[in-house]
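Just so it is clear, the values below take in all heavy atoms, side chains as well, and ignore hydrogens, waters and symmetry mates. In what follows, chains are A, B, ... by sequence order, proteins preceding strands, each numbered from 1.
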Protein chains: 2
Amino acid sequence: MTINNTDDRNDEPSELELSRFLPYRLSVVSNLVSRAFARRYETAFGLSIPEWRVMAVLGRYAPASSADICQRTAMDKAKVSRAVTRLVAAGYVTRKDNPIDQRQNVLGLTRDGRRIYRQIVPLAFATEREVLEGLNAEEVAQLDQLLTKLHARAATLAPGEGGDAPD
Amino acid sequence: MTINNTDDRNDEPSELELSRFLPYRLSVVSNLVSRAFARRYETAFGLSIPEWRVMAVLGRYAPASSADICQRTAMDKAKVSRAVTRLVAAGYVTRKDNPIDQRQNVLGLTRDGRRIYRQIVPLAFATEREVLEGLNAEEVAQLDQLLTKLHARAATLAPGEGGDAPD
DNA sequence: TGCAAATAGTTTCGTTTGAAACGATACTGG
DNA sequence: CCAGTATCGTTTCAAACGAAACTATTTGCA
């Protein structure tokens with residue numbers, strides 16, 4: 001028979017426990033995973049995550065334009081441009097003008113780039129397996145479905161298009 | 001009866017499809033969600049995510065030291081220091097020395113800070129609900145468990161302690 | 001007590017970031 | 001054909017980042 005409390009008709013907590021707040025936990029987990037990946041690719045190949053993503057797309061889909069890379073990596077064009085510049089300097093990527101539309105790039109892998117790509121793939125899967133270790137097949141399938149749903153939902157809530165990199 | 005292919009005994013793809021790669025998708029989803037949150041808190045209160053996290057912890061656990069904030073927000077001490085400085089300047093947070101140990105801070109909320117905190121809480125839960133819309137109760141529970149397991153796993157793979165912010 | 005090591009928090013340093021401005025090229029309607 | 005607009009990719013800018021250096025204080029131990 002309490003008299004006080006203006007919002008009794010509300011099942012919502014009036015305090016915020018960060019450690020139980022799903023968006024916060026999602027961010028923390030994602031950043032831990034990204035950090036583990038970043039460290040591996042930095043030590044193994046000297047590649048950052050943006051560079052790694054560009055290599056992953058070119059290994060599969062080359063030739064491709066910078067805009068293609070943007071779509072497939074969820075990175076904005078400035079980030080892609082910078083990553084490509086570094087990869088060209090490293091000798092892994094070729095960049096030339098598209099003769100049919102000179103605004104566009106045509107990106108591809110050099111011989112060295114293809115060699116690196118072939119090493120990148122197994123390390124990626126191995127690291128993925130390490131992260132997912134402790135999850136059974138059903139849980140991995142659940143994670144897959146949840147990420148699909150959350151992606152669709154979050155894409156409508158967030159302004160722009162892509163999905164990478166605030167912080 | 002093919003003759004070629006050195007790694008036939010391997011069920012692992014030799015190509016990497018980024019859009020099916022769980023760590024990549026986790027990062028994209030997390031960043032979309034973070035961006036949606038960031039935009040809301042920026043427009044509603046002029047708070048960044050680091051500042052928002054500090055407010056969330058202080059609203060619940062004040063008084064607290066900077067190190068306490070570090071633990072509860074998974075942010076490193078430099079980030080916390082900068083966020084607190086901005087919040088003090090904004091008039092939401094008090095920062096004084098701990099008389100028993102002058103190395104430590106004692107942080108708390110001002111009257112304005114408490115007022116903001118009371119507005120922050122419902123917006124946080126409303127946004128969480130928006131993100132989780134489309135998931136039923138069982139799926140939310142699955143997400144909770146999966147994040148717990150992934151967190152434990154990723155924490156052992158990543159070097160340092162915390163879990164925030166490489167991008 | 002006194003001195004080395006540890007701890008708390010701030011500041012500095014070089015890098016990376018997203019947004020916006022930009023130059024160059026291509027498309028469009030008149 | 002030609003102005004106006006849209007698109008592609010790079011560059012610029014200010015802000016934010018992590019790591020490391022740093023100051024101040026406390027603790028451990030001889």
I need the residues from residues 90-100 of chain A with at least one non-hydrogen atom less than 4.0 Å from DNA chain D; give them sorted by number, or say none. A/Arg95

Out of C/dT11, D/dA24, C/dA26, which nucleotide sits closest to the side chain of A/Asp101? C/dA26

If I take atom CG in residue B/Leu87 and atom P in nucleotide C/dG9, what distance separates them, rounded to the nearest angstrom? 16 Å

Inter- and intrachain pairs under side chain to side chain donor-acceptor pair (under 3.5 Å), touching residues 110-123 of chain A, at least two apart: A/Tyr117-B/Glu15

With a 4.0 Å cutoff (strictly under), does any side-chain N or O of B/Lys79 reach OP1 or OP2 of D/dA16? no

Whole-Å gap separating P (D/dA19) and CE (B/Met75): 15 Å

Give the rounded distance in Å between these two atoms: CG of A/Asn31 and P of D/dA16. 17 Å

Under a 3.5 Å threshold, yes or no: a donor from one side chain and an acceptor from the other, between B/Asn31 and B/Ser34? no

Would you say B/Arg53 and A/Ser27 are linked by a side-chain donor-acceptor pair, where the criterion is simply a distance under 3.5 Å? yes

Taking atom types as they are modelled, would you say the side chain of B/Arg35 forms a donor-acceptor pair with the base of C/dG18 within the 3.5 Å cutoff? no

Just compare C/dT17, D/dT10, D/dA24 and give me whichever is closest to any side-chain atom of A/Ser81. D/dT10

Grab the CD-P distance between B/Gln102 and C/dT10 for me, whole Å please. 14 Å

Could you state the atom-to-atom distance from CZ of B/Arg39 to C1' of C/dG18 in whole Å? 15 Å

Tell me which nucleotide among D/dA16, D/dG9, D/dA19 gets nearest to the side chain of B/Arg86. D/dA16

Would you jot down, in residue-number order, the residues of residues 62-71 of chain A having a non-hydrogen atom under 4.0 Å from DNA chain D? A/Ser65, A/Ser66, A/Ala67

A side-chain contact here means heavy atoms from C-beta on lying under 4.5 Å apart; do A/Leu150 and B/Leu135 qualify? yes

Would a distance-only check, ignoring hydrogens and angles, find a side-chain to backbone donor-acceptor pair under 3.5 Å from B/Arg60 to A/Leu18? no

Starting the side chain at C-beta, find the nucleotide from C/dT25, C/dT7, C/dT12 nearest to A/Arg103. C/dT25

Shortest side-chain distance from A/Lys77, nucleotide among C/dT10, C/dT7, D/dC8: D/dC8

Are the side chain of B/Glu139 and the backbone N or O of B/Asn136 linked by a donor-acceptor pair below 3.5 Å? yes

Looking at B/Arg95 and B/Asn105, would you say the former's side chain and the latter's main chain have a donor-acceptor pair under 3.5 Å? no

Return the orientation label for the A/Phe125 and B/Phe21 ring planes: parallel under 30°, perpendicular over 60°, tilted otherwise. perpendicular

To the nearest 0.5 Å, tell me how far B/Arg25 CZ sits from A/Leu146 CG. 10.0 Å

In whole Å, what is the span from the CG atom of A/Asn105 to the P atom of D/dT7? 18 Å

Spell out, as yes or no, whether a donor-acceptor pair under 3.5 Å connects the side chain of A/Ser30 to the backbone of A/Leu26. no

Nearest whole angstrom, please: distance from the P of C/dT15 to the CD1 of A/Ile49. 19 Å

In this structure, how many angstroms lie between the C1' atom of C/dA8 and the CG atom of B/Leu107, rounded? 12 Å

